[in-house]
Amino acid sequence: MSDIKFLVAFDRETCKGCGLCQSVCPENIILMDQEHVNGRGYHPAYIQDMEQCIGCQRCALICPDVVIRIEKIDAKEES
Amino acid sequence: MSDIKFLVAFDRETCKGCGLCQSVCPENIILMDQEHVNGRGYHPAYIQDMEQCIGCQRCALICPDVVIRIEKIDAKEES
Amino acid sequence: MAKVLMKGNEAIALAAIKAGCRYYFGYPITPQTELLEYMASELPKVGGVFVQAESEVAAINMVYGAAAAGGRVMTTTSSPGYALMQEGISYIAAAETPCVIVNISRGGPGLGNIQPAQSDYFQNTRGGGSGDYRLLIFAPASLQETVDLVQESFTLAQKYRMVVLISADGMLGQMMEPVDIKEVDSPEDEEKQWALTATEGKRPPRAIYSLYLDPVELEKANERLQANYEKVSKLEERYELLQMDDAQLVIVTYGSVSRIVKSAISLLAGEGIKVGLIRPISLWPFPKKAFEQIPDSAKGLLTVELSRGQMVDDVRIAAKGALPVHFYGRCGGMIPSPREIADEVKRILRGDKS
Amino acid sequence: MAKVLMKGNEAIALAAIKAGCRYYFGYPITPQTELLEYMASELPKVGGVFVQAESEVAAINMVYGAAAAGGRVMTTTSSPGYALMQEGISYIAAAETPCVIVNISRGGPGLGNIQPAQSDYFQNTRGGGSGDYRLLIFAPASLQETVDLVQESFTLAQKYRMVVLISADGMLGQMMEPVDIKEVDSPEDEEKQWALTATEGKRPPRAIYSLYLDPVELEKANERLQANYEKVSKLEERYELLQMDDAQLVIVTYGSVSRIVKSAISLLAGEGIKVGLIRPISLWPFPKKAFEQIPDSAKGLLTVELSRGQMVDDVRIAAKGALPVHFYGRCGGMIPSPREIADEVKRILRGDKS
Amino acid sequence: MKTEKIICAGFGGQGILSMGQLLAYAGMDEGKHVTWLPSYGPEMRGGTANCHVILSQEPIDSPIISQATTVVVMNLPSLRKFEPYLESGGLLLINSTLVKEESGRVDVRTLRVPATQCAIDLGRDEVANMVMLGALLALTDVVEPDSVIRSFDKAFEHTTPELSELDVQAMKLGESLIK
Amino acid sequence: MKTEKIICAGFGGQGILSMGQLLAYAGMDEGKHVTWLPSYGPEMRGGTANCHVILSQEPIDSPIISQATTVVVMNLPSLRKFEPYLESGGLLLINSTLVKEESGRVDVRTLRVPATQCAIDLGRDEVANMVMLGALLALTDVVEPDSVIRSFDKAFEHTTPELSELDVQAMKLGESLIK
Amino acid sequence: MTVLFEKTSGLTDEPTIYCPGCSHGIIQRLVAEVLDELGLMDSTIGVAAVGCSVLSYNYFNCDMLGAAHGRAPASATGIKRVHPGKMVFTYQGDGDLASIGTAEIIHAAVRGEKITAIFVNNAIYGMTGGQMAPTTLLGQKTSTSPDGRKAESAGMPIRMCEMLATLEGAAFVERVAVNTPAHIRSAKQAIRQAFKTQQAGQGFSIVEVLSSCPTNWKLTPVAAMQWVEDQMIPYYPLKNFRTPGEAR
Amino acid sequence: MTVLFEKTSGLTDEPTIYCPGCSHGIIQRLVAEVLDELGLMDSTIGVAAVGCSVLSYNYFNCDMLGAAHGRAPASATGIKRVHPGKMVFTYQGDGDLASIGTAEIIHAAVRGEKITAIFVNNAIYGMTGGQMAPTTLLGQKTSTSPDGRKAESAGMPIRMCEMLATLEGAAFVERVAVNTPAHIRSAKQAIRQAFKTQQAGQGFSIVEVLSSCPTNWKLTPVAAMQWVEDQMIPYYPLKNFRTPGEAR
Ligand SMILES: Cc1ncc(C[n+]2csc(CCOP(=O)(O)OP(=O)(O)O)c2C)c(N)n1
Ligand SMILES: Cc1ncc(C[n+]2csc(CCOP(=O)(O)OP(=O)(O)O)c2C)c(N)n1
Ligand code: SF4
Ligand code: SF4
Ligand code: SF4
Ligand code: SF4
Ligand code: SF4
Ligand code: SF4
Ligand SMILES: [Mg+2]
Ligand SMILES: [Mg+2]
C-alpha cells in the first residue's frame with residue numbers, strides 16, 4: 001500500500017496558475033503544469049509527490065480561487 | 001475735569017442688543033436701552049457710568065457685531 | 001379625517017405616513033425642511049425609521065438599500081440636493097426598486113435662493129443621471145391634490161417598480177391650506193418576490209444590481225425598462241382642462257403657478273376674453289392626449305412657468321407644430337401676478353409678440 | 001505637427017495641454033481613464049497641475065475653484081461620474097466661470113457597463129442641476145474633430161464665460177485614429193477682470209457666488225445668463241450636412257454612431273436609395289438651421305442614436321411637426337451595423353413602420 | 001363677506017407669521033376657505049418676515065396677494081415694501097412705536113397703533129403682534145375675536161397658560177385702542 | 001489594396017491589443033487610413049480581449065467591423081464569438097495550441113497556427129501574438145513586415161532590446177510556418 | 001488719546017445677517033483681525049461655505065468664493081493650486097464640514113493641502129433652522145431629534161479634530177471656543193498659528209471653534225455662551241492636537 | 001477519509017473575474033467561510049461595491065445588492081434599518097471606501113450602524129486599471145502617479161482604521177493581511193469577531209484587509225504577497241484598534 005496520508009486535489013479548470021500554493025508549500029511539492037494550458041488559458045497547479053504532503057493546508061488557505069480540496073486518508077486500524 | 005479714562009463707544013444702529021457685552025463687563029456698567037428700539041428692532045447697549053470703565057476690552061472682544069470702539073484718554077502730563 | 005389646516009411640507013409627510021411609508025432618509029434643505037422635521041418627530045411614533053443622512057448622496061443611496069430590502073421608503077429634498085441625488089436615482093431606476101421622492105424646488109441655478117421656482121423641470125423630467133430611464137412624475141397644484149398624489153405614489157411605485165417623483169415648489173411646501181388626508185388601507189404588501197430579505201434557507205439568493213457587462217444583457221435590461229415605461233405612459237397621463245370651448249388661446253401651465261394662471265383666466269373672462277387651460281398633472285408621461293382637445297378657435301398656446309421656458313419643449317412636441325407656442329415666465333422666486341399674465345395674453349392676441 | 005496615431009482619450013488630453021490647459025482635476029472611470037492618466041503624466045512636465053480628486057463631486061468643485069481663480073481648467077469623466085457633477089456644474093454655470101468638461105459616455109442606467117452609448121444626451125443637454133442654465137455642447141464624430149473642438153472649447157469657454165462640454169462616448173475615447181494636434185497660440189489671457197487673484201491692495205475685493213436671496217436679484221442674474229445664451233445660440237450652431245439634394249429620407253444622428261450611419265448611407269446609395277444626413281455637431285445650441293435645408297423630396301426624418309431616443313425630442317422640436325420623425329437606436333453598448341440601419345431606412349420608405 | 005387678502009409684515013421675531021396663522025385658523029374655524037403663505041428662510045433673521053393670508057367664501061386660486069385688502073406693518077422696511085400692495089380704499093395698520101414715518105398712500109384708510117409700546121407696557125415685546133391683531137379685528141369683520149382665541153392652541157403649539165393669558169390681554173388692549 | 005478589416009481576439013494578456021496596434025501603426029507608416037478599436041475594461045481580465053483594425057486607402061467611416069476580411073483567434077471563446085463576423089472567402093487564423101476545435105465555417109480560408117506552442121518553445125508564452133502576426137503577414141499583403149518592425153517602439157512603449165529581439169524572432173517563426 | 005479697540009479693516013461695513021449674540025460674528029472678526037495683523041488680507045482668497053455664514057463673502061475684505069454646500073475645501077484646493085503663493089481659507093459650519101463635506105475636508109487634510117479651514121462648530125444646522133448635526137450632543141434637542149439625540153439611532157457626536165489629527169497631512173489642528181473673553185484671546189492665537197502654518201507651507205491647518213446658536217438652541221445669547229462652557233467643552237475639549245514640528 | 005478543506009457552501013460555483021493570484025479571492029472566501037461557520041449565511045444580506053469585486057453578488061451565496069461607487073455603507077444602512085435582525089455587510093475596495101465613499105463609511109461608523117464593512121486595501125484602483133488610491137504608498141508608481149506618489153502634491157497615504165478608531169460608534173476595528181497562511185488565519189478570526197460584534201448589536205465593525213493587486217502592481221502573484229509584507233505592513237500595521245468592551 002502507498003504511503004499517501006493526504007489527498008490534495010486541484011480543480012484544473014478553475015486554477016489560474018498563480019503559483020501562490022506553490023510558494024507556501026513547506027514540502028515544495030506543488031508545481032505548475034507548464035505543458036498544459038487549461039480552457040481559461042492558465043497552466044494549472046499539480047502535486048508531484050503526494051506522499052510527501054503533510055496536510056498542513058497552507059496551499060488551500062492561500063488559494064484565491066478555491067481550487068484545492070484536501071482529504072486525510074484515515075490510518076488503518078492497527079490492532 | 002472728569003475721571004473718565006476710557007471711552008467706550010457703541011454704534012447704536014448696528015447693535016443687536018444681545019447683551020453679551022453686558023454679561024462680561026467686570027464693572028457691570030453696561031446696560032441695554034429698554035426705552036429705545038433701533039432701526040433694526042433691537043434695544044441697543046449703552047454705558048451707564050463711563051468713569052468706572054477699566055478699559056479691559058472684554059466687551060469689545062465678545063461683541064459679535066463689532067459695535068464697540070474703545071479709546072484710552074491719555075493721562076495729562078503731570079510735571 | 002376632517003379637513004385640517006396644514007403646511008404643505010407637513011401635510012406631505014403625514015400623507016406619506018398614512019400611506020404606509022415607514023422608512024425615511026433625508027437631509028435638511030430649505031424650503032423642504034419641515035417635511036424632514038415632521039418625519040423625525042412622527043415616524044418613530046408609528047414604529048417607522050427616520051435617519052438624517054450625512055448628505056443627499058447618502059440619503060438617496062440609503063433609499064436604494066431600503067427599497068431593495070422591500071421597505072416603503074421616501075426621501076425629500078430641494079433643487080441642489082436633488083441634483084446630488086441623480087446618480088443614485090439612476091441606480092434605483094435601473095434596479096427597478098420602488099420609492100417616492102419629493103422635490104420642493106427653489107430658485108437656481110447654483111445656490112440661487114429659497115423662493116418658489118420651477119426651474120427643475122429639466123432635472124425632474126430628463127434626469128441628470130445617465131441612461132435611458134424615466135420617473136413617473138406628478139406636479140400637483142393644491143395641497144389636497146398633493147397629499148392625494150403622494151399617497152397614490154406609493155401604490156404606483158410598487159405597481160410599476162419605479163421611482164415616483166412629486167414635483168412641487170416652495171410655495172406648495174410652505175403654504176397652509178385645509179386638507180383632508182385619508183387613512184389609506186395599506187394591507188401588508190404581498191411578499192415582494194424580488195426584495196432582499198435574506199434567504200432564511202427557503203429560497204435561492206437574490207441579487208439586485210444594475211451592472212450588465214455584456215451589452216446584449218444591458219440592452220435587454222433596457223428593453224424591459226422601456227416596456228414598462230410604455231405601459232406607464234399609456235396608463236398614467238393626467239391633466240386638468242378648463243374652459244376649452246371657444247378658447248381663443250390655451251395656456252399650458254402646471255403646479256403652483258397654475259393657480260395664478262387660473263386667477264388670470266377669470267380676470268380675462270371678466271373682460272370677455274376666453275382663455276382655456278391645460279394643466280399637466282403628470283409631467284412624465286407628459287399628457288399628450290390633452291392637446292388633442294385644443295379647440296379650433298385657439299390661435300395659439302401660451303406656456304407659463306416659473307422658469308425660463310423648460311416645459312416649452314414638451315409643449316412644442318405635444319402640439320406637433322400645429323399652433324404657435326408662446327412663453328411667459330418669471331424666475332428666481334419672482335411670481336407673476338394674474339394681471340401680468342392677463343396682459344401677456346392680450347399682447348399675444350393683439351399679435352404684438354409671436 | 002504631423003499626424004500621429006493616438007487613442008482618443010490621450011489625444012483629447014494632449015489637445016487640451018496644447019490649448020493651454022494647465023489645471024486638471026479628475027477621478028478615474030472607464031472608458032475615460034486614459035485621459036486622466038495622460039494628464040497625470042504630461043501636465044507636470046509643462047508646469048501644470050494634476051490633482052486626482054477624491055470623487056467626481058470634489059473634482060467639479062475643484063474645477064469651480066480653479067476656474068474662479070482664473071485658471072484654464074478641465075475635468076473629464078464618464079456617465080455616472082458626470083451625474084455626480086451636476087450640482088457643481090449648476091454652480092459653475094451660475095457663477096459664469098469658464099471651464100471645459102469632457103464626458104466619455106458609457107452604457108446605463110445605473111452602473112450599466114463601460115461600452116459606448118449615447119444615453120447621456122438628456123443629462124448632457126438638459127442638465128441634472130437645478131436652474132435655467134445651459135452648457136455649450138459639442139459632439140464630435142472623429143478624433144480630428146474631437147481634438148479641434150477641445151482646443152476651441154477653451155477659447156469659447158473664456159469668451160462666453162460658460163461651461164463647454166465635449167460629449168463623446170467610449171468608442172471615441174478608446175479608438176485610435178491619426179490626428180493632427182495643433183499648437184494653439186494661447187497668448188497670456190488678458191487679465192480676467194472677474195477672477196479671484198487676491199487684491200494685492202490694487203483693487204477692491206471681488207466675490208464670485210450664485211446666491212441671490214432677493215428674487216429680484218436672482219431673476220436679474222438669470223436674465224444676464226439668458227442674454228448670453230441667446231447670443232451663443234445665435235453664433236454657435238454647428239452641423240454637418242450630407243447628400244441633402246433629392247434625399248428621400250434624412251437621417252439625423254451625431255457623434256460616434258454617425259460614422260456607422262455614413263456607411264449605411266453609402267450602402268443605400270449603392271442600392272439607389274438617396275438618404276441625406278444632418279449631423280448636429282453642437283447639441284446645444286441644437287442646430288435648428290440645419291432643418292431648414294431639408295429638401296422637399298424628403299418623406300421623413302430618422303433619428304439614429306445609441307440610446308432609446310433622447311435626441312428625438314430636439315429633432316421633433318426642430319422639425320416643427322413638418323415631417324414624421326422616426327427613430328432607430330440600440331443601447332447598452334450594442335452598436336448597430338450599417339446593414340441594420342439601411343434595412344430600417346428601407347422599412348420606413350416602404351411604409352412598414354411609421 | 002368679501003374676500004379678505006391680508007399681508008402682515010415686520011421684523012423676524014415679531015410674531016408676524018403667527019399673527020397670520022391665527023387669522024387663517026380662525027377663518028377655517030368659521031368655515032371659510034383660507035390660505036396662508038409665509039416668507040421663509042434666512043431672511044427671517046435680521047431681515048423682514050411677512051405672510052399672505054386669504055379668507056374667502058369661494059375656493060382660492062392663488063395664495064399670493066398682489067392686491068391686498070389689508071396691510072399690517074410692524075416696522076419701516078415693511079411699510080415701504082408693502083404699502084404699494086394695498087388696494088385703493090384698503091386698510092393700512094402701522095405699528096407707530098417703531099414707524100415714525102407716514103405712509104405715502106392717501107387713497108387708503110391708515111391707522112397708527114402703538115403696538116410695541118403697548119407690548120413693552122405689558123412687559124413682553126413679543127406680544128406686539130397680538131395688540132395689532134386686536135386692532136385689526138376691531139376695525140374689520142374678517143373673523144370673530146372668539147374664533148381667534150379658539151385657535152390659540154393650534155397656532156402656538158407649545159404655549160403656556162400664562163403666555164396665552166398675556167396674548168388675550170394684548171389682543172383686548174389692541175381692540176380697546178380702536179373702540 | 002482593398003480595405004482590410006481585421007478582428008483579433010483572445011484571452012486578456014495574450015497581447016491581442018498590441019497585435020492590432022502594430023498593424024495600425026504599420027498601416028499608417030505606409031500612408032494608409034487606419035483605425036483601431038479595442039474592447040476594454042474588466043472583461044480584459046479573465047474574459048476575452050479583442051480589437052478591430054481597419055486599413056484602407058479611403059477615409060474610414062465606422063471603426064467597428066461588422067464584416068471582417070480577416071479574423072485572428074487565440075482561444076476557443078474567441079473563435080465561437082468572432083467566426084460569424086468573417087466575410088465569405090475571408091481569412092481565419094486559429095491558434096491551434098489552445099483551440100483543438102474546428103471552425104464551423106466552410107466558406108472561408110482557415111489556417112491553424114500552433115502559436116502558443118511556438119511561443120512556449122521560444123521561452124515566453126507572451127510572444128504567441130507575434131507568431132500569429134508573422135503568419136498573418138506571410139499570408140496577406142495587409143502591411144509589410146518591415147513597417148511592423150519599424151512600429152515596435154510605438155506599440156510597445158517600454159520594451160527592452162532583448163524583448164524586441166524575441167518579438168522579431170517570434171514573428172519570423174510565424175512567417176516561416178507559412179512559407 | 002489711543003485707540004484700544006476698533007473695527008478691523010479686514011471686515012467690510014456690511015451689517016451681518018447673524019442673529020443677536022451669535023458667535024459667528026466673533027469668529028469672523030478674529031479671522032479678519034489675524035489676516036489684517038499679519039498683513040495678509042491683500043493676498044488672501046477666502047471661500048464661504050453654505051450655512052449661516054453663507055454671505056461672508058460680503059463681510060471679509062478680500063476676494064471670496066461662494067462654494068457649494070460642503071465643498072469649500074475642494075474649491076479652496078482649486079484656488080490654491082492656481083495661486084500657490086496666496087493665502088486661502090475656508091469658513092465652514094459643522095453641517096457643512098462634518099456632514100455633507102466630510103470627504104472633502106478629510107482629503108484636503110490627506111493631501112496636506114496648504115489651506116486653512118475655520119470650522120464653526122455650533123452643534124446644529126443653524127441656517128436651515130436647527131436640525132441635528134453630526135456634532136449635536138447626546139440628548140440635545142433639535143428639530144430632527146425632538147426627544148434629544150439618541151446614540152442608538154444617530155450615534156455619538158463626531159469629534160473632527162481628533163479624527164483629522166490622525167492624518168499626516170494635517171499640520172495644525174486645534175479646538176478653541178469664543179464663549180468668554182479669555183477663550184476668544186486663545187482662539188485668536190490659534191487662528192494666527194493656523195495661517196502661519198499655511199504661510200510656511202507646512203500643510204493643512206484647521207481651527208475648530210465652538211460657537212453658539214442662541215436662536216436654534218432656544219437660549220438667550222448669554223445662556224448660550226454658558227451652554228458652550230457647560231455642555232460643549234466637556235465633550236469637545238479645547239486643545240491643540242497638532243502643531244508643525246512637534247512630535248505626534 | 002476526512003475532508004480537511006473544501007469549498008465553503010457560502011460561495012457559489014461562479015468562477016471569479018479576478019486576475020490570477022489576486023487576494024480578493026482569499027478575502028471573499030474567508031467572509032463566506034465565517035458566515036457559513038457561524039450559521040449566518042441564510043440571514044445575511046451583502047452589499048457589493050464598485051471595484052474588482054463588483055460582481056461579488058454572483059459569488060456570495062446570500063442576498064446581495066450592487067451599490068453605487070462608494071455608497072455601499074449608505075445602502076447597507078437602508079437595508080439594516082429595514083431588517084434590523086439580519087446580518088448586513090459591505091465588501092469595498094480602497095478607492096471605494098477611502099476615496100469617493102469617505103463620508104459614507106465615516107458616518108456609518110458615527111451612527112454606530114450595526115453593519116460590518118470588509119475593506120479590501122490593495123493600495124490602488126484595481127478595476128479601472130491601476131490609478132493612485134488614497135492608500136497608495138509613498139513612492140508607489142501607479143498610472144496617475146507615474147513617478148511614484150509624492151507627499152508634496154498627493155499627501156501621505158490614509159490610514160482608515162486609525163481614523164475610524166477615533167469614532168465612538170466604531171465598535172470593532174482591526175487591520176489584517178492575507179499574504180501568508182498565518183496572516184490568513186488571523187484575518188479569518190478578525191472577520192469572525194466583526195460579524196459577532198454586529199450580531200451582538202454592539203455597533204459598527206470594520207476589518208481592513210491588506211490585499212494584493214499583482215496586475216496593477218506589475219508583480220507576480222508571489223512577489224505581490226511579498227510586497228504586502230515588505231511595503232504595506234510596515235506602513236499599515238496589523239493590529240486590533242477597537243474591540244467591544246475594551247477601554248479605549
Ligand atoms: C446640497 C445642499 N444641501 C442642503 C442645503 C441646505 N443647507 C444650507 S446651509 C445648511 C447647513 C447649515 O449648517 P452648518 O453648516 O452647521 O452652518 P450654520 O448655519 O450652523 O453655521 C444646509 C443643510 C444646501 N444649500 N445644499
Ligand atoms: C461614480 C463612479 N466613479 C467612478 C467609477 C469607476 N470605478 C469603478 S471601480 C473604481 C475603483 C476601484 O478601486 P477600488 O475601490 O480600490 O477597488 P479594487 O478594484 O482595487 O478592488 C472606480 C473609480 C464608477 N463606477 N462610478
Ligand atoms: S497541504 Fe501543505 S504540504 Fe500538502 S500540498 Fe498543501 S501546502 Fe503542501
Ligand atoms: S493557488 Fe490556486 S489558483 Fe493559484 S496556482 Fe495554486 S491552485 Fe491554482
Ligand atoms: S472695557 Fe471692560 S470695563 Fe469697560 S465697559 Fe468694556 S468690559 Fe466694561
Ligand atoms: S455685544 Fe455688541 S451687539 Fe451685543 S449688546 Fe453688546 S454692543 Fe450690542
Ligand atoms: S441661526 Fe444660529 S448660527 Fe445662524 S445666525 Fe442665528 S444664532 Fe447664528
Ligand atoms: S486588477 Fe488587481 S485587484 Fe483587480 S482582480 Fe486584478 S489583481 Fe485583483
Ligand atoms: Mg452649524
Ligand atoms: Mg483597490
Side-chain angles (χ1 to χ4, degrees), chain C residues 57 79-80 82-84 86-87 90-91 93-95 105-115 117 119-120 122-123 125-133 209-222 225-226 307-310 313 316-317 319-322 330-334, chain D residues 57 79-80 82-84 86-87 90-91 93-95 105-115 117 119-120 122-123 125-133 209-222 225-226 307-310 313 316-317 319-322 330-334:
Chain C
V57 171
S79 310
Y82 190 63
L84 286 172
Q86 299 299 337
E87 189 208 20
S90 173
Y91 271 76
S105 63
R106 53 189 249 179
L111 190 49
N113 66 20
I114 54 178
Q115 302 308 316
S119 48
D120 282 11
F122 279 153
Q123 73 166 349
T125 63
R126 303 299 196 279
S130 57
D132 292 286
Y133 69 94
Y209 55 88
S210 62
L211 174 74
Y212 299 89
L213 284 176
D214 181 353
V216 175
E217 294 302 316
L218 183 53
E219 193 177 50
K220 262 191 215 143
N222 267 288
L225 292 179
Q226 295 300 321
S307 61
R308 296 302 305 236
Q310 300 191 1
D313 282 1
R316 290 229 166 87
I317 295 167
K320 296 182 182 151
R330 301 296 300 268
C331 67
M334 296 301 286
Chain D
V57 171
S79 310
Y82 190 62
L84 286 173
Q86 299 299 336
E87 189 208 18
S90 172
Y91 271 76
S105 62
R106 55 189 246 178
L111 191 49
N113 67 18
I114 56 180
Q115 303 308 316
S119 47
D120 283 11
F122 278 153
Q123 72 166 348
T125 63
R126 303 299 196 277
S130 59
D132 293 286
Y133 68 95
Y209 55 88
S210 62
L211 174 73
Y212 299 89
L213 284 177
D214 181 353
V216 175
E217 293 304 315
L218 182 52
E219 191 175 53
K220 262 192 214 144
N222 266 289
L225 292 179
Q226 295 300 323
S307 60
R308 296 300 307 237
Q310 300 191 1
D313 282 1
R316 290 229 166 88
I317 296 167
K320 294 182 183 152
R330 300 296 302 266
C331 66
M334 296 301 286

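Since the structure is predicted, the reported quantities are computational estimates derived from the model, not experimental observations. Residue numbers start from 1 in every chain, and the chains themselves are labelled A, B, ... in the order their sequence lines are given, proteins ahead of strands.
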Which bit of D:Gln310 is near chain C, if near means a heavy-atom gap under 4.5 Å: side chain, backbone, both or neither? side chain
Provide the closest heavy-atom pair for C:Gln123 versus D:Ser130 in the form atom of the first, atom of the second, distance. NE2-CB, 3.5 Å
Pick from C:Arg316, C:Met334, C:Lys320, C:Arg106 with the largest number of heavy-atom pairs that fall under 4.5 Å of chain D: C:Met334
Counting only heavy atoms closer than 4.5 Å, note whether C:Arg308 contacts chain D via side chain, backbone, both or neither. both
Between the side chain of C:Asn222 and the main-chain N/O of D:Gly108, is any donor-acceptor distance below 3.5 Å? yes
Counting C-beta onward and ignoring hydrogens, is there a side-chain heavy-atom pair between D:Ile317 and C:Ile317 closer than 4.5 Å? yes
Against chain D, work out which of C:Gly127, C:Ala94, C:Ser119 has the most heavy-atom pairs shorter than 4.5 Å and name it. C:Ser119
Between chain C and each of D:Gly321, D:Gly112, D:Gly333, count heavy-atom pairs under 4.5 Å; write down the option with the most. D:Gly112
Chain D interface, residue from C:Pro109, C:Ser90, C:Gly332 that has the most non-hydrogen pairs under 4.5 Å: C:Pro109
Out of C:Ser210, C:Ala319, C:Gly107, return the one with the most heavy atom pairs under 4.5 angstrom to chain D. C:Ser210
Any donor and acceptor pair, going by atom type alone, linking the side chain of D:Gln86 with main-chain N or O of C:Ala83 inside 3.5 Å? no
Between C:Ala322, C:Ala95, C:Gly309, C:Pro80, which shows the greatest number of heavy-atom pairs under 4.5 Å with chain D? C:Pro80
Decide yes or no on side chain to side chain contact (heavy atoms under 4.5 Å, CB included) for C:Leu111 and D:Tyr91, but give the supporting numbers first. CA-CA 7 Å; C:Leu111 190 49; D:Tyr91 271 76; 3.3 Å; yes
Measuring from atom CG of C:Leu84 to atom CG of D:Leu84, what distance do you get when rounded to the nearest 0.5 angstrom? 8.0 Å
Which atoms of C:Arg330 come close to chain D, meaning under 4.5 Å heavy atom to heavy atom: side chain ones, backbone ones, both, or neither? both
Of D:Ser79, D:Gly128, D:Ser105, the largest count of non-hydrogen pairs under 4.5 angstrom with chain C goes to D:Gly128
Between C:Leu225, C:Leu211, C:Asp120, who has the most heavy-atom pairs with chain D when the cutoff is under 4.5 Å? C:Leu211
Measure C:Gln226 against the heavy atoms of chain D and call it side chain, backbone, both or neither at under 4.5 Å. side chain
Would you check if C:Asn113 and D:Asp214 make a side-chain contact, meaning some heavy-atom pair closer than 4.5 Å? no
